[in-house]
Amino acid sequence: ETGVTQTPRHLVMGMTNKKSLKCEQHLGHNAMYWYKQSAKKPLELMFVYNFKEQTENNSVPSRFSPECPNSSHLFLHLHTLQPEDSALYLCASSQDGGLAGFEQFFGPGTRLTVL
Amino acid sequence: TQLLEQSPQFLSIQEGENLTVYCNSSSVFSSLQWYRQEPGEGPVLLVTVVTGGEVKKLKRLTFQFGDARKDSSLHITAAQPGDTGLYLCALRGAGGTSYGKLTFGQGTILTVHP
């Protein structure tokens, strides 16, 4: 595998279900991100992990719970979601450092539908 | 909170036409990136601009960064169907609590018809 991979690619769940999204980066980066992409909103940053430590929680509801066991893996645990949480969830990674703009490498995303 | 506006939201053109997409911010930013996202995929970086007034070219794509570092444009010459996708600008905060964070615009959906 190369780049950033995400599983599953599609997920349909009921509001009472518990599921997890998985992201893995094969780039040796030190930062990983979760974004939410909805049809009518800009890409929204949810969480940032830098060297496995969470450095950003962008006022995300507690029904979304991130986990970063090591610098290559990132999970997003989902429970009691709402229909408005249906969206494309994108994982990204980057190698932070320096003042110049850095590139974020995105996975293909998980298309989540909450019924 | 920095706001980033892109225009137009939708653009539908014929192959061979030229087009320009705009990205405007409510405040100064340290650097700006342009990404392209194709259906079923995540965004892919096209370019990063860091200097006010900077112009970068990537084949038929020309990126400009405004002198005041609050706006940018992407110009595509002789568009091709392969250019179809969602074009996103993203800015990196200049300082304070926004430093280092990427804020994305809502994107421009470009469709190039053969």
Side-chain angles (χ1 to χ4, degrees), chain A residues 2-10 21 23-25 27 29-51 54-59 74 87-112, chain B residues 1-7 9-10 23-26 28-52 54 56 58 63 65 69 72 85-109:
Chain A
T2 59
V4 181
T5 57
Q6 289 187 244
T7 54
R9 292 294 305 271
H10 300 272
L21 309 184
C23 173
E24 184 173 1
Q25 60 98 356
L27 301 167
H29 289 163
N30 58 12
M32 296 186 76
Y33 313 79
W34 279 117
Y35 287 90
K36 177 182 178 183
Q37 187 173 37
S38 306
K40 297 184 178 181
K41 286 186 177 181
L43 208 59
E44 299 173 78
L45 179 65
M46 300 175 70
F47 300 104
V48 180
Y49 277 83
N50 206 308
F51 291 105
Q54 184 175 314
T55 58
E56 184 81 21
N57 177 338
N58 217 17
S59 302
L74 186 63
L88 182 68
Y89 288 85
L90 290 161
C91 173
S93 71
S94 70
Q95 185 63 30
D96 270 9
L99 294 177
F102 58 92
E103 178 178 2
Q104 292 194 8
F105 291 78
F106 286 82
T110 294
R111 174 66 64 185
L112 173 68
Chain B
T1 303
Q2 288 178 294
L3 298 176
L4 200 56
E5 286 192 11
Q6 283 188 246
S7 61
Q9 271 190 273
F10 303 94
C23 178
N24 293 284
S25 169
S26 58
V28 175
F29 43 87
S30 63
S31 63
L32 182 138
Q33 297 178 322
W34 284 94
Y35 288 80
R36 181 171 72 204
Q37 183 177 16
E38 297 184 19
E41 300 296 330
V44 175
L45 180 69
L46 295 173
V47 75
T48 300
V49 286
V50 297
T51 306
E54 185 175 5
K56 280 192 174 179
L58 184 66
F63 304 86
F65 197 10
R69 293 164 63 184
S72 180
L86 173 67
Y87 287 80
L88 296 160
C89 65
L91 61 86
R92 191 178 187 190
T97 57
S98 66
Y99 182 76
K101 294 184 194 177
L102 279 187
T103 301
F104 283 85
Q106 65 195 93
T108 294
I109 298 175

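Remember, predicted model here, so these are calculated numbers, not experimental data. All values below come from the heavy atoms of this structure, side chains included, with hydrogens, waters and symmetry mates left out. Proteins get letters first, then strands, A, B, ... in listed order; numbering begins at 1 in each.
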S.K.: I want to check something: taking the side chain as every heavy atom from C-beta on, are B:L88 and B:Q37 in contact at a cut-off of under 4.5 Å?
M.R.: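 Yes; the side chains approach each other to less than 4.5 Å.
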S.K.: So, A:Q95 side chain and A:N30 main chain: donor-acceptor pair closer than 3.5 Å or not?
M.R.: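 Checked: pair present.
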S.K.: Tell me, side chain or backbone of A:R9 under 4.5 Å from chain B's heavy atoms, or both, or neither?
M.R.: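 Contact with chain B: side chain only.
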S.K.: Using non-hydrogen atoms only, which part of A:Q37 is less than 4.5 Å away from chain B: side chain, backbone, both, or neither?
M.R.: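 For A:Q37, the side chain is the part near chain B, not the backbone.
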S.K.: Under 4.5 Å heavy-atom distance to chain B, tell me which part of A:L90 shows up: side chain, backbone, both or neither.
M.R.: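 Contact with chain B involves the side chain of A:L90 alone.
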S.K.: Counting only heavy atoms closer than 4.5 Å, note whether A:Y35 contacts chain B via side chain, backbone, both or neither.
M.R.: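 Looking at A:Y35, just its side chain touches chain B.
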S.K.: Taking A:M32's backbone N and O only, do any of them form a donor-acceptor pair with A:Q25's side chain (distance below 3.5 Å, no angle check)?
M.R.: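 No, because the side chain of A:Q25 does not come within donor-acceptor range (under 3.5 Å) of the backbone of A:M32.
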S.K.: Need one label for B:I109: side chain, backbone, both or neither, based on atoms under 4.5 Å from any heavy atom in chain A.
M.R.: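 Neither part; nothing is under 4.5 Å.
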S.K.: May I ask you to decide if B:Y87's main-chain N or O and B:Q6's side chain share a donor-acceptor pair within less than 3.5 Å?
M.R.: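 Yes; judged by distance alone, with no hydrogens or angles, the pair exists.
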S.K.: Do B:Q33 and A:Q104 pair up side chain to side chain, a donor and an acceptor below 3.5 Å, judged on atom types alone?
M.R.: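 Short answer, no.
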